[in-house]
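What you see is a predicted model, and the numbers here were worked out from it, not measured in a lab.
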Amino acid sequence: PGCDYPAHRWCSSRDIAVACQVESRCPSLPRPVAAPVELSLYYESLCPACREFLVIKLFSTWLLLPEGMLNITLVPYGNAQERNISGKLDFECQHGPEECLGNMMEACLMHEAKNFSTYFPVIFCLESGSSVTKNLEACLQIYAPEVDSGRIAACVQGDTGAALMHQNAQLTEALDPPHQYVPWITVNGKHTDELQAQAEASLLGLVCRLYQGEKPEVCSGSKAPRILSGCRR
């Protein structure tokens with residue numbers, strides 16, 4: 001009942017296969033596209049645990065997974081404090097002025113490069129190197145030579161950098177529940193102790209479990225070592 005199509009058409013579309021109850025016999029049918037897993041990382045540029053999570057877990061997971069399976073939002077601010085001094089925004093960071101500079105450089109890089117696949121390898125390069133704030137030119141040359149370092153510098157030194165940090169401050173302060181440490185991870189808009197622990201123990205495994213579409217072969221991956229304890233407020 002409901003299948004008014006000749007047998008040779010049963011696998012010609014998903015709607016017909018469903019009507020004729022033969023989906024399992026139609027391996028060539030295109031799979032419905034599933035929504036990507038949404039992960040947001042709230043971090044600060046010089047926090048050791050943030051750097052380790054971003055470099056070892058997040059970047060490698062992003063490389064391993066097919067496009068469209070994981071959407072990542074990076075918010076460099078962390079445990080910083082925003083102050084308004086005589087009408088001008090000023091920021092105080094947990095690991096000092098250099099961290100504030102690193103946060104702003106990465107925010108400006110994202111603003112100028114715009115495309116995630118362009119700026120994420122550069123941020124990986126900065127966070128995995130000897131200095132987050134001194135290696136921008138070298139990292140751009142390797143991973144994104146089309147991005148103008150002069151525009152990033154102008155952003156950092158001008159009003160745009162402060163505006164971007166203000167935006168990151170608002171995003172961080174709006175977290176519910178409020179963040180207690182960094183790295184602070186939300187998955188599909190939620191943060192729980194369990195999700196945080198799962199992301200730190202095996203981010204690849206977590207994303208593979210949550211993704212509702214067809215799983216790639218890499219989803220048979222194994223657990224990785226624990227991350228360093230975070231940077232508390």
Side-chain angles (χ1 to χ4, degrees), residues 1-43 52-75 109-111 113-125 127 143-144 146-147 167 171 174-177 179 183-227:
C3 180
D4 298 323
Y5 305 92
H8 70 272
R9 291 193 59 201
W10 285 357
C11 291
S12 61
S13 78
R14 180 165 295 280
D15 288 343
I16 294 175
V18 169
C20 298
Q21 300 179 25
V22 294
E23 281 182 281
S24 62
R25 302 183 195 178
C26 301
S28 62
L29 278 178
R31 301 246 178 195
V33 177
V37 176
E38 301 282 347
L39 184 145
S40 295
L41 175 65
Y42 296 81
Y43 71 105
E52 186 174 348
F53 179 80
L54 189 152
V55 169
I56 295 175
K57 294 294 180 68
L58 191 58
F59 188 73
S60 59
T61 299
W62 177 70
L63 287 177
L64 287 168
L65 293 173
E67 187 177 358
M69 188 168 167
L70 176 63
N71 274 355
I72 299 170
T73 300
L74 300 175
V75 185
L109 167 64
M110 290 185 244
H111 177 72
K114 294 180 174 57
N115 188 294
F116 185 84
S117 61
T118 300
Y119 64 70
F120 192 31
V122 180
I123 291 176
F124 160 79
C125 179
E127 294 291 343
Y143 290 105
E146 70 277 18
V147 178
Q167 180 181 344
L171 289 171
L175 283 167
D176 183 18
H179 87 284
W184 188 263
I185 300 158
T186 68
V187 181
N188 293 332
K190 298 178 182 177
H191 174 93
T192 65
D193 291 343
E194 183 180 8
L195 280 173
Q196 178 88 21
Q198 289 174 349
E200 291 183 346
S202 177
L203 180 60
L204 179 62
L206 176 62
V207 175
C208 286
R209 284 195 301 277
L210 293 176
Y211 184 62
Q212 298 297 306
E214 185 177 7
K215 315 283 186 185
E217 193 173 339
V218 73
C219 279
S220 58
S222 57
K223 288 188 176 181
R226 283 283 296 177
I227 295 296

From [X] atom [atom1] to [Y] atom [atom2], the distance as rounded to the nearest 0.5 Å:
X	Y	atom1	atom2	result
I72	T61	CD1	OG1	8.0 Å
I123	T118	CD1	OG1	11.0 Å
S202	R209	OG	CZ	6.5 Å
L58	E127	CG	CD	11.0 Å
K190	D176	NZ	CG	12.5 Å
E200	I56	CD	CD1	12.0 Å

Do you know which two heavy atoms are closest between [X] and [Y], and how far apart they sit?
X	Y	result
K57	L203	O-CD2, 3.9 Å
V147	A113	CG2-CB, 4.0 Å
A34	G213	CB-N, 3.2 Å
C3	A19	CB-O, 3.8 Å
V122	A144	CG2-CB, 3.8 Å

Quiz item: How would you list all residue pairs meeting ring pair (Phe, Tyr, Trp, His ring centres under 6.0 Å) that involve residues 54-74, not counting sequence neighbours?
Solution: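 Qualifying pairs: F59-W62, F59-F120, F59-F124, W62-F116, W62-F120.
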Quiz item: Does the side chain of M69 come within less than 4.5 Å of Y211's, by heavy atoms?
Solution: yes
Self-check item: Basic-acidic side-chain contact under 4.0 Å: E23, R14
Solution: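 Result for this pair is yes, salt bridge flagged.
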Practice problem: With sequence neighbours excluded, tell me which residues meet salt bridge (charged side-chain N to carboxylate O under 4.0 Å, His left out) with E38. | Solution: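 Salt bridge (charged side-chain N to carboxylate O under 4.0 Å, His left out) check on E38 returns nothing, list empty.
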Exercise. Run through T73, L175, L39 and flag the one making a side-chain contact (heavy atoms from CB on, under 4.5 Å) with T186.
Key: L175
Quiz item: Listed by chain and number, what are the side-chain contact (heavy atoms from CB on, under 4.5 Å) partners of T192, not counting sequence neighbours?
Solution: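 Only E194, L195 meet the side-chain contact (heavy atoms from CB on, under 4.5 Å) criterion with T192.
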Exercise. Please list, chain by chain and in numerical order, all residues satisfying side-chain contact (heavy atoms from CB on, under 4.5 Å) with L64, sequence neighbours excluded.
Key: L204, V218
Practice problem: Output all residues satisfying ring-ring contact (aromatic ring centres under 6.0 Å, His included) with H191, sequence neighbours left out; order by chain, then residue number. | Solution: W184
Exercise. Please confirm whether the backbone N or O of E217 pairs with a side-chain atom of S220, one donor and one acceptor, at under 3.5 Å?
Key: yes
Exercise. Keeping to residues at least two apart or across chains, list the side-chain hydrogen bond (donor to acceptor under 3.5 Å, both in side chains) pairs with something in residues 4-13.
Key: none
